[in-house]
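These notes are about the structure you will find just below.
This is a predicted model, so every value here is computed, not measured. Note: hydrogens, waters and symmetry copies are ignored here, and every other heavy atom, side chains too, is used.
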Amino acid sequence: MAWFVPAMMAASTAMTIMGHRQNIKNMKANAAWKRYENTLQLEYDKQKLFKKQAKLFSEKRARVGASGIQFTGSPLLTAKADLEEFENDLFFLEKGVFVKNAAMNAELTGMIASETYKMGSTLLQAGVNYDTYQTNQKLAAKGLT
């Protein structure tokens, strides 16, 4: 029966470490899913922006055509300014997703480091507990407890 307590201590330690490893896997899976959601949202926002920009250009061309002026000079300059603003909006949409994902990766790295620390702490505590158990067994055998 002397084998039972050390075996249970080892089993408990193993289960705790397995739990930490599963937490790490779950964190990674959640981060991957969030990156996927961010990419989908970016594509959705880009499509909305493309439609809005196409409508704006269409309206401008119609107004210029209805006015009878040539599509040169001021109308061309305003169209160019609108295009630059559109490209800037696209750039910041993509940059926003990049920043969100980078922040999430940094947070994930910290959470994984924490779980890894907990695993190491569990192993050290298990070693200390086993040593204490062995010492108590020796003292009990001598009748000193």
Side-chain angles (χ1 to χ4, degrees), residues 1-140:
M1 192 65 153
W3 60 270
F4 183 73
V5 173
M8 294 312 304
M9 291 169 74
S12 174
T13 301
M15 294 298 288
T16 302
I17 289 174
M18 286 171 49
H20 290 303
R21 290 179 55 88
Q22 188 60 45
N23 286 345
I24 290 172
K25 287 179 184 179
N26 289 343
M27 288 175 205
K28 287 180 179 180
N30 289 340
W33 183 254
K34 188 64 178 163
R35 281 190 291 273
Y36 175 71
E37 285 178 335
N38 289 343
T39 302
L40 283 180
Q41 186 63 46
L42 170 65
E43 293 304 316
Y44 175 74
D45 291 343
K46 282 169 63 175
Q47 290 304 314
K48 282 183 11 183
L49 198 57
F50 285 140
K51 286 179 183 176
K52 178 181 168 187
Q53 194 64 29
K55 184 178 178 182
L56 177 68
F57 279 140
S58 178
E59 288 172 356
K60 282 193 176 239
R61 281 193 308 269
R63 275 188 251 126
V64 168
S67 71
I69 63 171
Q70 295 293 322
F71 199 70
T72 59
S74 294
L76 197 55
L77 290 175
T78 60
K80 182 178 184 251
D82 287 340
L83 180 62
E84 288 172 354
E85 184 178 339
F86 169 70
E87 289 171 345
N88 193 40
D89 290 346
L90 279 178
F91 172 77
F92 281 107
L93 272 176
E94 291 175 357
K95 186 58 78 174
V97 169
F98 172 79
V99 169
K100 279 183 192 175
N101 287 343
M104 186 174 41
N105 288 341
E107 182 181 2
L108 176 65
T109 300
M111 291 180 351
I112 289 173
S114 175
E115 286 296 314
T116 303
Y117 173 80
K118 289 175 187 176
M119 283 192 291
S121 176
T122 297
L123 282 173
L124 288 174
Q125 189 61 47
V128 168
N129 288 346
Y130 182 72
D131 184 58
T132 302
Y133 171 77
Q134 290 289 62
T135 302
N136 288 341
Q137 287 298 97
K138 288 176 185 173
L139 291 173

Inset, instruction - Report yes or no: does Thr13 contribute a side-chain atom to a donor-acceptor pair with the main-chain N or O of Met9 at less than 3.5 Å? - result: yes
Legend entry - Over 12 non-hydrogen atoms of neighbours within 6.0 angstrom of CZ in Phe57: yes
Inset, instruction - Check whether any side-chain heavy atom of Arg35 lies under 4.5 Å from a side-chain heavy atom of Asn105, and answer yes or no. - result: yes
Legend entry - Intermediate values then yes/no, side-chain contact (heavy atoms from CB on, under 4.5 Å), Tyr44 and Gln47: CA-CA 5 Å; Tyr44 175 74; Gln47 290 304 314; 5.7 Å; no
Legend entry - Over 12 foreign heavy atoms within 6.0 Å of CZ, Phe98: no
Legend entry - Test item: Glu37 and Lys34 side chains (from C-beta on) under 4.5 Å apart, heavy atoms: yes
Legend entry - Side chain Ser58, main chain Ala54, donor-acceptor under 3.5 Å: no
Legend entry - Gap separating the CD atom of Gln22 from the CE atom of Met15, nearest 0.5 angstrom: 11.0 Å
Legend entry - Arg21 CZ: over 12 foreign heavy atoms closer than 6.0 Å: no
Inset, instruction - Kindly compute the distance separating OG1 (Thr39) from CG (Asn101), expressed to the nearest 0.5 Å. - result: 6.0 Å
Legend entry - Result of checking Leu93, Asp89, Leu90 against Asp45 for side chain to side chain contact (heavy atoms under 4.5 Å, CB included): Leu93
Legend entry - From CG (Leu49) to CD (Glu87), nearest 0.5 Å: 11.0 Å
Inset, instruction - Give a yes-or-no answer on whether the side chains of Glu84 and Asn88 include a donor-acceptor pair shorter than 3.5 Å. - result: no
Inset, instruction - Hey, could you give me the CE/CD1 distance between Met27 and Ile112, rounded to the nearest 0.5 Å? - result: 7.0 Å
Legend entry - Heavy-atom closest pair, residues Gln53 and Asp82: NE2-O, 3.6 Å
Inset, instruction - Using the side-chain contact (heavy atoms from CB on, under 4.5 Å) rule, take Thr132 and Asn136 through it: C-alpha gap first, then chi angles, then the decisive distance, then the call. - result: CA-CA 6 Å; Thr132 302; Asn136 288 341; 3.8 Å; yes
Inset, instruction - Step by step, work out the side-chain contact (heavy atoms from CB on, under 4.5 Å) result for Lys100 and Met104. - result: CA-CA 6 Å; Lys100 279 183 192 175; Met104 186 174 41; over 6 Å; no
Inset, instruction - Would you give the length of the straight line joining atom CG of Leu83 to atom OG1 of Thr78, rounded to the nearest 0.5 angstrom? - result: 11.5 Å
Legend entry - Residues, nucleotides or ligands: over 12 heavy atoms within 6.0 Å of Lys46 NZ: yes
Inset, instruction - Drop me the distance from Lys25's NZ to Asn23's CG, to the nearest 0.5 angstrom. - result: 11.5 Å
Legend entry - Closest non-hydrogen atom pair between Met119 and Ile24, with its separation: CE-CD1, 3.9 Å
